[in-house]
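Notes follow the structure.
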2 protein chains.
Amino acid sequence: MTPADSSKPQESRGREAATRARKESVLKAALECFVEKGIEHTTIHQIQARANCSIGSLYHHFGSKEGIAEELFLEGVQQQNAALLREIRSAGNAEEGVHAVVGAYCDWSTGNRQLASYLHSRDIDFSGQARSRLREIHQLYIREVFIWFAPFVERGEMRALPLETYVPLISGPIQEYIRRWLSGHHPGSPEEVKALFAEAAWSAVKA
Amino acid sequence: MTPADSSKPQESRGREAATRARKESVLKAALECFVEKGIEHTTIHQIQARANCSIGSLYHHFGSKEGIAEELFLEGVQQQNAALLREIRSAGNAEEGVHAVVGAYCDWSTGNRQLASYLHSRDIDFSGQARSRLREIHQLYIREVFIWFAPFVERGEMRALPLETYVPLISGPIQEYIRRWLSGHHPGSPEEVKALFAEAAWSAVKA
DNA sequence: TTTTTTACTAGAACAAAGTTCTATATTAAG
DNA sequence: CTTAATATAGAACTTTGTTCTAGTAAAAAA
């Protein structure tokens, strides 16, 4: 490959930057392929072609096809979590907090459709390492959310429920709606029903 | 293979029965493998070995590995839908109907853990044909459910909402809970929280 | 600057797994 | 009994993910 390749925008601006750019171009190419054709039906060669890089380069950076799928997933989850946390923290009370969770999930998903679709994939064959990393990321996120909501439960503004029921009660409906919407199963836009789902969520957990 | 093989229980009792038995033994073997290792990491040879059949036989009956995955999925969905419909129809009013949906989903999933796990798979690369068959099955089921609930909406006992929001509102939370429970993400048993989810569902759609 | 080391790129060679193909056996029908 | 259709078997083939060896470019050391 010639050095003047398009995937190296910041020519010789340090190797790290170039590496990061390359990795991102691969992740971008992979995301497009995965969403279009599914992970299994995407070949390494297709990713390679779209990202303008060689097999060697691909394996050097990611180790395997699953490595790409994993990194993409973890990055996506973190991005989504960050977006949700930001919104939650700007809420002033429990009800606003619940609305923030539902609303932010909805907004992020409509604003990042490809990544959102990808995050709905199950069956990504995570390595043990990636699996535990994912758990860790999830725990960290959940912990933050619960710390934010805990005071309202203590003050009796929210119901005290088994911990593992809050996420399904609050996020379950919007998640299911968005999943169906993303896969083109039905018409109607999330924007129109956002409030409805937020209210349902709130009434499920309010005291 | 010898004719006295264990996978042909009803020796020479008509070919159809034998064929059905063989196909079922394959589906059973495949389900176990898929749930244990995931679809992609299950090889044809593993299925073949567990089902005690040859490659030729496998491809004769199912056409491909995906063919097996598809048939298993469709069969599972139909079985689940039938179980839910049965429960719904035995309900006497809208509230009981909603409780039936949530309760039956919960019961069926705990009573058919492997199949339930499998049905939570996304990314089964359905062929166009299987995809439309799945749509058809789903439409048929949804239609039945809506026919059952429609009178209650008309009578004003249930809210009139955008059609595509009912399923997420009623089934979203329990589905998400069960999904997490099946993948061993949390303790607590579905039985303990069934009522909670049913009540939340009802309060989301009651007038 | 020159040398040396490290990170990265490249693609041919390899191996694993899904699928096809040909041959054979079994059952049902004429 | 012969014939046709269905089912089973496994070897051969093909696709595709991965490894391996070689080479290049950038940073570090001399």
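Just so you know, these numbers come straight off a predicted model, no measurement behind them. A, B, ... follow the sequence lines: proteins, then strands. Residue 1 opens every chain.
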Exercise for the section: Would you tell me if any nitrogen or oxygen in the side chain of Ser57(B) comes within less than 4.0 Å of OP1 or OP2 on dT8(D)? Expected result: yes
Exercise for the section: Return no unless some side-chain N or O of Arg22(B) is found under 4.0 Å from OP1 or OP2 of dT8(D). Expected result: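 Yes, within the criterion.
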Exercise for the section: When you get a sec, tell me which of dC8(C), dT9(C), dT8(D) is the closest nucleotide to the side chain of Thr19(A)? Expected result: dC8(C)
Between [X] and [Y] (salt bridge meaning N to carboxylate O under 4.0 Å), is one present in this structure?
X         : Y         : value
Glu70(B)  : Lys65(B)  : no
Glu176(B) : Arg180(B) : yes
Glu32(B)  : Arg50(B)  : yes
Asp107(A) : Lys194(A) : yes

I need the [atom1]-[atom2] distance between [X] and [N], as an integer number of Å.
X         : N       : atom1 : atom2 : answer
Asp125(B) : dT15(D) : CG    : P     : 18 Å
Ile47(A)  : dT18(D) : CD1   : P     : 10 Å
Leu58(A)  : dT18(D) : CG    : C1'   : 11 Å
His60(B)  : dT6(D)  : NE2   : P     : 8 Å

Exercise for the section: May I ask you to check if Arg143(A) and Trp148(A) form a cation-pi contact, with NZ or CZ under 6.0 angstrom from the six-membered ring centre and within 45° of the axis? Expected result: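 Arg143(A) over Trp148(A) ring: no.
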Problem - Annotated protein contacts, base or backbone, on nucleotides 14-24 of chain C with a non-hydrogen cut-off under 4.0 Å, one of B, S, - each - result: ---SSBB----
Practice task
Just do the side chain to side chain donor-acceptor pair (under 3.5 Å) check on His41(A) and Glu66(B) with the steps written out, would you?
Solution key: CA-CA 12 Å; His41(A) 280 167; Glu66(B) 271 177 37; 3.0 Å; yes
